[in-house]
Amino acid sequence: MTSPSVTVPFVDLSLQHRPIETAINQAIQTVIQRGDFVLGEAVKSFETAFSQACGVNYGVGVASGTDAITLGLKACGIGHGDEVLVPANTFIATVIGVIHSGATPILVDCDPQTALIDLNRAAKAITPKTKAIVPVHLYGQMVSPRELLDFAQAYDILIFEDAAQAHLAERDGYRAGSVGKAAAFSFYPSKNLGAFGNGGMVVTSDEEIAQTVRTLRNYGAPSKYYHTEAGTNSRLDTIQAAILGVKLPHLQQWNQQRNQAAKTYDHLLESLGEKGIIPLENQSDLGHVYHLYVIQILETFPLTREAVQDYLKERGIQSGIHYPIPCHLQPAYKSLGYNLGDFPNAEKLCQTILSFPMYPGLNQQQIEEVVEQLALIK
Ligand SMILES: *Cc1c(COP(=O)(O)O)cnc(C)c1O
C-alpha cells in the first residue's frame, strides 16, 4: 500500500503560529536590534509574565526543562547522598534531571487509571535519605496537590514539580508549579507552551532559591567573574523568551481547545469502551491541559496496539506511544538496580497506551475520523 497523505497529524504547530506570525517576527527583530541575545530584556519580562501566570513570585529561564530540574533541585539543596522519589513511567528527562543534581532517583509505580505517581507506593519507598519527591504532572494532569502536600508533610520531604507537560494546569485550586518548593517547566517546541528551539524555567516563590538558580545558570557567578557556586552555562535565549512572550497570552485559549478536543474524544470513545479502548482517567475536569490524549487498548480489543497504529497510519491518522519503555528498564539506567516486574502498573501501561492526535486547532471532524476508523475494526 502506498503511504496515504496525512489527514489527522499527531501535532500541527503551524495552526497556532500562523495567526501570530507577524507579532513573533516583530519580537525577534526587536531582540536583533537591541542585540541583548544573552539574558536580555525579553528574558526578564517573560520570567515575570510566566511566573505570574503560574501564581508564584519568581521565574528563572534556563536552557531546557532537563536543566530546570537539575538546577532547581540543586538550588533546593538536593544533591549527593539524597534520595528523590520519581515515577517510573515518565519521560526519561525527569530521571536525567535528578541524576545530574547528584541525587539518586528512587522510582515509584503509578496509578493504573491515571498513570500518575501512586503516593501510597511512594510512602513505601521512603527511607531516612529521602529528601524530595518529583511528581510529574503527566500528559497535562496534575498529581493531586492536596494529597501531595499531605504526603510531603507526613514524611517531611520537599516537593519539586516536573511541570514540563502541564503549563497552566489546575487541580484542587492550585496551578501547576505553585504546589511545591519549586517547579520545572520545559518550552520544547511541542509542549503546551513551546519555543522555536529549546528552553526551560524554574519557578518558585522562594527568593533565595530563585537567586541560586540565577547564579547556577550563569557560570555560578552572582556578579561578573566572581563565582560562588559550581555553576554551568544554561540560559533561556533572549530570542526564545521573546517568542514565548508573544505566545503566552494565547496559552489559556490553546489549553481550552485541547480540553474541548479531549471531551469530544471521551464522548465519542464511550461507544468503544466495551470493545477495549479506554481513555486514561481525567480527575481534574477543566484543569487537565491535555499535553497528550492517551488511551489504553485492552487485550479484549481485536487488534494489538501495534496493529492499531499501522491501521490508523494507513488511513492517514498519526499516533504515538508515550512512553514505550519505563525508566527502570532503559539500558542506560541498569545501574539503578531495578528489574522487570518491579513496577507492574507502569510496565503494563507501556504495553497498552496509545496517544491520539492532540493540539490546539484539531477539529471535530478529525476527531470523528479517528473514532470512526477505530469503530470499523472487527
Ligand atoms: C519534555 C519533558 C522534560 C524535559 O524537557 P526538555 O526541555 O526537553 O529538556 C522533562 N520532563 C518531562 C515530563 C517532559 O515531558
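Whatever order the structure lists ligands and atoms in, that order sets their numbers, starting from 1.
Remark: the Glu369 side chain and the Gln365 side chain contain no N/O donor-acceptor pair separated by less than 3.5 Å. There is no side-chain donor-acceptor pair under 3.5 Å between His291 and Gln141. No side-chain donor from either of Thr204 and Asp206 sits under 3.5 Å from a side-chain acceptor of the other.
When only interatomic distances are considered, the shortest N/O to N/O separation between Tyr188 and ligand 1 does not fall below 3.5 Å. Close N/O approach between Gly65 and ligand 1 is found [any backbone or side-chain N/O within under 3.5 Å]. For ligand 1, the polar-atom distance check against Gln165 finds a nitrogen or oxygen pair separated by under 3.5 Å. Ligand 1 has no N or O atom lying under 3.5 Å from any N or O atom of Asn198, backbone or side chain.
Ranking protein heavy atoms by distance to atom 9 (O) of ligand 1, first place goes to Thr66 OG1, 2.5 Å.
Using modelled atom types, one side-chain atom of Arg315 and one backbone atom of Tyr311 make a donor-acceptor pair closer than 3.5 Å.
For the pair Arg171 and Tyr174, the cation does not sit on the ring face, since its NZ or CZ is not both under 6.0 Å from the ring centre and inside 45° of the axis.
Interface of Ser64 with ligand 1, defined as ligand atoms under 4.0 Å from a residue heavy atom, comprises 7 (O), 9 (O). Near Ala93, meaning under 4.0 Å from one of its heavy atoms, ligand 1 places the atoms 3 (C), 4 (C), 10 (C). Every atom of ligand 1 with a heavy atom of Val136 under 4.0 Å away is listed here by number and element: 13 (C).
The shortest heavy-atom distance from Lys191 to ligand 1 is under 4.0 Å. Ligand 1 lies within reach of Asp162, whose nearest heavy atom is under 4.0 Å from it.
Below 30°, between 30° and 60°, or above 60°: for Phe50 and Phe185 the angle between ring planes is above 60°, a perpendicular geometry.
Aromatic ring centroids of Tyr139 and His322 lie 6.0 Å or more apart.
Asp82 places none of its side-chain heavy atoms less than 4.5 Å from the side chain of Lys129.
Under 4.0 angstrom from ligand 1, the non-hydrogen atoms of Ala164 all belong to its side chain.
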